[in-house]
Amino acid sequence: ELLAENLEQQGKRAQSIETYQLIVQVNPRSADAYNDLGLALERNNELTAALTQYKKALDLNPNLVEANINIGNIFLGQKQYAEAQNAYVKALQIQPENSMGHYNLGVALMGQDRADDAILEYKRAIKIDPNYANAYYALGMIYQAKSEQIDAISSYEKYLSIEPSGAYSQIARDNVEKLKQAQGPQ
């Protein structure tokens, strides 16, 4: 597996996939091997093949949380939110304290215009991992859309305290400024 990972890091995706395929042939009862092959295929944008490998992993080990999350991620990327939700719920039934599962479930719920349910999932992710920055950012966006300025500001500021240079930091800073201006003088 280390060889396959090294090939992946070197940008040699086809060779990495071939190596994972060999690993699966040598160890056909390894759910982790099928999951790893699925990840390599997914990174190569071979999503149908990746889903097949994740499902094989789950056939071998129905409790493999990572495979359910990976299936959910593919569906999420394809905007198939109900399917993504189902995969994340399965993962969380196995491992209820999985912060990523709760966060991703929140994203899937938002895709179905279920903001209040998404808020609950983002808060669950934060309860498990108080430094889950993207969950705070997502909460900020929802609260801002709901015109709940105080909660939006608080969420964005918490995101910024964790990820001052994060992917959404400039947007969060701009939103905090706009929200504070809209509140007027305090």
Undergrad: Would a hydrophobic clustering, with Ile, Leu, Val, Met, Phe, Trp and Tyr connected at side-chain separations under 4.5 Å, put I74 with L109?
TA: no
Undergrad: Would Y54 and Y34 count as a close aromatic pair, with their ring centres under 6.0 Å?
TA: no
Undergrad: Is the backbone N or O of D151 less than 3.5 Å from a side-chain atom of S154, with the two atoms forming a donor-acceptor pair by type?
TA: no
Undergrad: Among K127, E121, K123, find the one that has a side-chain hydrogen bond (donor to acceptor under 3.5 Å, both in side chains) with H102.
TA: E121
Undergrad: Keeping D129 on the side-chain end and N131 on the backbone end, is there a donor-acceptor pair under 3.5 Å?
TA: yes
Undergrad: Restricting to non-hydrogen atoms, name the atom on I162 and the atom on A133 that form the minimum distance, rounded to 0.1 Å.
TA: CG2-CB, 3.7 Å
Undergrad: Under the side chain to side chain contact (heavy atoms under 4.5 Å, CB included) criterion, do L139 and I126 qualify, and how do the steps go?
TA: CA-CA 10 Å; L139 284 172; I126 290 166; 3.6 Å; yes
Undergrad: Taking L47 as the starting point, is it possible to reach L39 by hopping between hydrophobic residues whose side chains are less than 4.5 Å apart?
TA: yes
Undergrad: Go through the steps for L160 and S169 under the test side chain to side chain contact (heavy atoms under 4.5 Å, CB included), then give the verdict.
TA: CA-CA 6 Å; L160 288 167; S169 59; 3.7 Å; yes
Undergrad: Tell me the closest heavy-atom pair linking Y159 and A167, and the distance in Å.
TA: OH-N, 3.4 Å
Undergrad: If you measure from CD on E148 to CD1 on I153, what distance do you get to the nearest 0.5 Å?
TA: 12.0 Å
Undergrad: Is there a donor-acceptor contact under 3.5 Å linking the side chains of Y137 and E163?
TA: no
Undergrad: Under a 3.5 Å threshold, yes or no: a donor from one side chain and an acceptor from the other, between D174 and Q170?
TA: yes
Undergrad: If we only count heavy atoms from C-beta on, is the Y132 to M100 side-chain gap below 4.5 Å?
TA: yes
Undergrad: Could you grab the distance from atom CD1 of I150 to atom OG of S155, nearest 0.5 Å is fine?
TA: 11.5 Å
Undergrad: Identify the two heavy atoms, one from V65 and one from N98, that lie closest to each other, and give their separation to 0.1 Å.
TA: CG1-ND2, 3.6 Å
Undergrad: Any sub-3.5 Å donor-acceptor pair from R114's side-chain atoms to G106's backbone N or O?
TA: no
Undergrad: Under a 3.5 Å distance rule, please check whether Q112 uses its side chain to pair with a backbone N or O of A108 as donor and acceptor.
TA: yes
Undergrad: When the ring centroid of Y81 is compared with that of F75, is the distance short of 6.0 Å?
TA: no
Undergrad: Under the criterion side chain to side chain contact (heavy atoms under 4.5 Å, CB included), I'd like the reasoning laid out for D36 against I23: C-alpha separation, chi angles, the key distance, then a yes or no.
TA: CA-CA 10 Å; D36 291 343; I23 293 168; over 6 Å; no
Undergrad: Ignoring hydrogens and angles, tell me if any N or O in the side chain of N35 forms a donor-acceptor pair with the backbone of A31 under 3.5 Å.
TA: no
Undergrad: Nearest 0.5 angstrom please: Q149 CD to Q144 CD, how far?
TA: 8.5 Å
Undergrad: Write down the atom of G140, the atom of A152, and the distance for their closest heavy-atom approach.
TA: O-CB, 3.7 Å
Undergrad: Between L120 and V89, is there a shared hydrophobic cluster once you connect ILVMFWY residues whose side-chain heavy atoms come closer than 4.5 Å?
TA: no
Undergrad: Does a sphere of radius 6.0 Å around NZ in K146 hold more than 12 heavy atoms from other residues, nucleotides or ligands, not counting ones at 6.0 Å or beyond?
TA: yes
Undergrad: Between CG of L37 and CD of E18, what distance do you get to the nearest 0.5 Å?
TA: 11.5 Å
Undergrad: Identify the two heavy atoms, one from I94 and one from P62, that lie closest to each other, and give their separation to 0.1 Å.
TA: CD1-O, 3.4 Å
Undergrad: In Å and rounded to the nearest 0.5 Å, what is the CD to CD1 distance from E83 to I71?
TA: 12.0 Å
Undergrad: Find out if a path of hydrophobic residues (ILVMFWY) with successive side-chain heavy-atom gaps under 4.5 Å connects I142 to I171.
TA: yes
Undergrad: Spell out, yes or no, whether I128 and I119 are grouped together once hydrophobic residues are joined by side-chain heavy atoms under 4.5 Å, including indirect joins.
TA: no
Undergrad: To the nearest 0.5 Å, tell me how far N104 CG sits from L92 CG.
TA: 9.0 Å
Undergrad: Taking atom OH of Y168 as the centre, report whether more than 12 heavy atoms of other residues, nucleotides or ligands fall under 6.0 Å from it.
TA: no
Undergrad: Centroid separation under 6.0 Å, is that true for the rings of Y136 and Y156?
TA: no
Undergrad: Would you please say whether a donor-acceptor pair under 3.5 Å links the side chains of Y88 and N73?
TA: yes
